[in-house]
Novice: 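This is the structure, below, for whatever I ask next.
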2 protein chains.
Amino acid sequence: MAAPHQKEQLDQIVELIRRHGGRVTVPRRAVIAAILEGDGHRSADDIGRAVQAEHPDVALSTVYRTLDALQQLGVIEHSHLGHGAAVYHLTDHGHVHLVCRSCGDVTDVPDEIVAELTARLDDEHGFALAPRHFAMFGTCRRCRPD
Amino acid sequence: MAAPHQKEQLDQIVELIRRHGGRVTVPRRAVIAAILEGDGHRSADDIGRAVQAEHPDVALSTVYRTLDALQQLGVIEHSHLGHGAAVYHLTDHGHVHLVCRSCGDVTDVPDEIVAELTARLDDEHGFALAPRHFAMFGTCRRCRPD
DNA sequence: TTAGCTGCAAAAGGTTTGCAAATTA
DNA sequence: TAATTTGCAAACCTTTTGCAGCTAA
């Protein structure tokens, strides 16, 4: 499961937490591991379930608090993929999410796709787009009438 | 308040409801009026408050059910402007929303701004973007460090 | 030692639902 | 009259919070 580079990433994050005066605990390690092992589309609940598989008495509130802490450190961010729960992923994820309103399927596309939009919003509106913070909704190929 | 063209719009919507076998009730009229009078950024709760100013015993659940019905008819749609409640607006609103993650301010921009993105997503991914269903997050001019 | 975490339980916000009574066409 | 809509209250889901006890550094 834990690919070798995931261990390195975990170690880096752990060090970052310590450098900021945070404590590295069993629940925190488990949350980080669950994110690293995930596909970048895990909700707090998914992460909680993964953590609890190994450490049954980690509370979901601890998962939320850890996710908060990791966001403050800039390690992860969350996206809203629809009406339900937000999903958490590494900051350098590099993708935007396309969510089909019909089948619910999520497709990742490189965030270069919004480069022109990002430039225009900056030029014309002084707005710095954070493209990974939200999903883009629409209808996927399979669900479109031809 | 009620601009003359709003009365016409209301009548059109009322007729559409009837044509689809729906009943036109006092609460429904009031919900539609609240949407027409709004700025396109009203949440279900905002709409409920506006409705209750005139008709104090309309329940919020009725507001939600009416909003649902209007969405099914294609008259309105909702957008997620952040972590809180969704906002409802006419389908032909023609704008996308820019939401500042720092100050929470919402700016409307004509949806022409996403034309190129829409075309690329269609070409490259077969994905039909529904740009008004979600807000785009980022940092607004005022909140950006220069 | 002590600031920082944790689990638990409860609360908070937004939205949905079941049901009997009221209303529309 | 028959089908739809309503108000109410309760449930639901996701996320947040208060607090006393626990633990990493």
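Scope of the values below: all heavy atoms of this structure, side chains included, with no hydrogens, waters or symmetry mates. Residue numbers begin at 1 in each chain, while the letters A, B, ... track the order of the sequences.
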Novice: To the nearest 0.5 Å, what is the distance between CD on A:Q12 and CD on A:E15?
Specialist: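 The CD atom of A:E15 is 8.0 Å from CD of A:Q12, to the nearest 0.5 Å.
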
Novice: Classify the side chain of B:R18 and the base of C:dA25 as holding, or not holding, a donor-acceptor pair under 3.5 Å.
Specialist: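 Looking at the base of C:dA25, it does not pair with any donor or acceptor on the side chain of B:R18 (distance under 3.5 Å).
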
Novice: Measuring from A:E37:CD to A:L10:CG, what's the distance to the nearest 0.5 Å?
Specialist: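 Going from CD on A:E37 over to CG on A:L10, the span is 9.5 Å.
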
Novice: Roughly how far apart are B:L70 CG and B:I76 CD1, rounded to 0.5 Å?
Specialist: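 Rounded to the nearest 0.5 Å, the CG-CD1 separation comes to 4.5 Å.
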
Novice: Hey, can you pull the donor-acceptor pairs under 3.5 Å for the side chains in residues 103-114 of chain B, sequence neighbours left out?
Specialist:
| unit_1 | atom_1 | unit_2 | atom_2 | d |
| --- | --- | --- | --- | --- |
| B:D108 | OD1 | B:H41 | NE2 | 2.9 |
| B:D108 | OD1 | B:H97 | ND1 | 3.0 |
| B:D111 | OD2 | B:R132 | NH1 | 2.5 |
| B:E112 | OE1 | A:R120 | NH2 | 3.2 |
| B:E112 | OE2 | A:R120 | NH1 | 3.1 |
| B:E112 | OE2 | A:R120 | NH2 | 3.3 |

Novice: Atom CZ of A:R23 and atom C1' of C:dA3: how far apart are they, to the nearest Å?
Specialist: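 Rounded to the whole Å, the gap is 5 Å.
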
Novice: Step by step, would you call B:Q71 with B:H78 a side-chain hydrogen bond (donor to acceptor under 3.5 Å, both in side chains)?
Specialist: CA-CA 8 Å; B:Q71 285 181 113; B:H78 68 272; 2.4 Å; yes

Novice: Could you pull out every donor-acceptor pair under 3.5 Å between side chains of residues 24-33 of chain B and any protein atom, sequence neighbours left out?
Specialist:
| unit_1 | atom_1 | unit_2 | atom_2 | d |
| --- | --- | --- | --- | --- |
| B:T25 | OG1 | B:R28 | N | 3.3 |
| B:R28 | NH1 | B:R23 | O | 3.2 |

Novice: Please give the angle, rounded to 10 degrees, between the axes at the start and the end of the helix from C:dT1-D:dA25 to C:dA25-D:dT1, where five pairs define each axis.
Specialist: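 The angle, to the nearest 10 degrees, is 30°.
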
Novice: If you round to the nearest 0.5 Å, how far is CG of A:L67 from CD1 of A:I47?
Specialist: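 Interatomic distance, A:I47 CD1 to A:L67 CG, rounded to 0.5 Å: 5.0 Å.
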
Novice: Could you tell me how far apart A:D68 (CG) and C:dC5 (C1') are, to the nearest whole angstrom?
Specialist: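 Result: 14 Å.
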
Novice: How long is the gap from OG1 on A:T118 to CG on A:L129, to the nearest 0.5 Å?
Specialist: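 Between A:T118 OG1 and A:L129 CG, I get 4.5 Å after rounding to 0.5 Å.
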
Novice: Touch check for B:V26, heavy atoms < 4.0 angstrom, all strands: base, sugar-phosphate only, or nothing?
Specialist: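 Contact class for B:V26: none.
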
Novice: Could you see if B:M136 belongs to whatever hydrophobic cluster contains B:F127? Use Ile, Leu, Val, Met, Phe, Trp, Tyr and a side-chain cutoff under 4.5 Å.
Specialist: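 They do share one cluster, since a chain of ILVMFWY contacts under 4.5 Å joins B:M136 to B:F127.
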
Novice: With nearest nucleotides of DNA chain C determined for A:T25 and B:V24 from heavy-atom distances, which residue corresponds to the more 5′ nucleotide?
Specialist: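 Its nearest nucleotide being more 5', the pick is A:T25.
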
Novice: Tell me which pairs pass ring-ring contact (aromatic ring centres under 6.0 Å, His included) where either residue lies in residues 47-73 of chain A, with sequence neighbours left out.
Specialist: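 Sorted result for residues 47-73 of chain A: empty, none.
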
Novice: Going 5' to 3' along DNA chain D, which nucleotides are the first and last within contact of chain A (any atom under 4.0 Å from a heavy atom)?
Specialist: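 The protein-touched segment is D:dT14 to D:dA25.
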
Novice: More than 12 heavy atoms of other residues, nucleotides or ligands under 6.0 Å from CZ of B:R19: yes or no?
Specialist: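 Enclosed.
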
Novice: Summarise protein proximity over nucleotides 7-15 of chain C in one line of letters, 5' to 3': B for base, S for sugar-phosphate only, - for none, counting protein heavy atoms closer than 4.0 Å.
Specialist: BB-----SB

Novice: In this structure, how many angstroms lie between the C1' atom of C:dT23 and the CD1 atom of B:I17, rounded?
Specialist: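 So the CD1-C1' distance, B:I17 to C:dT23, works out to 15 Å.
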
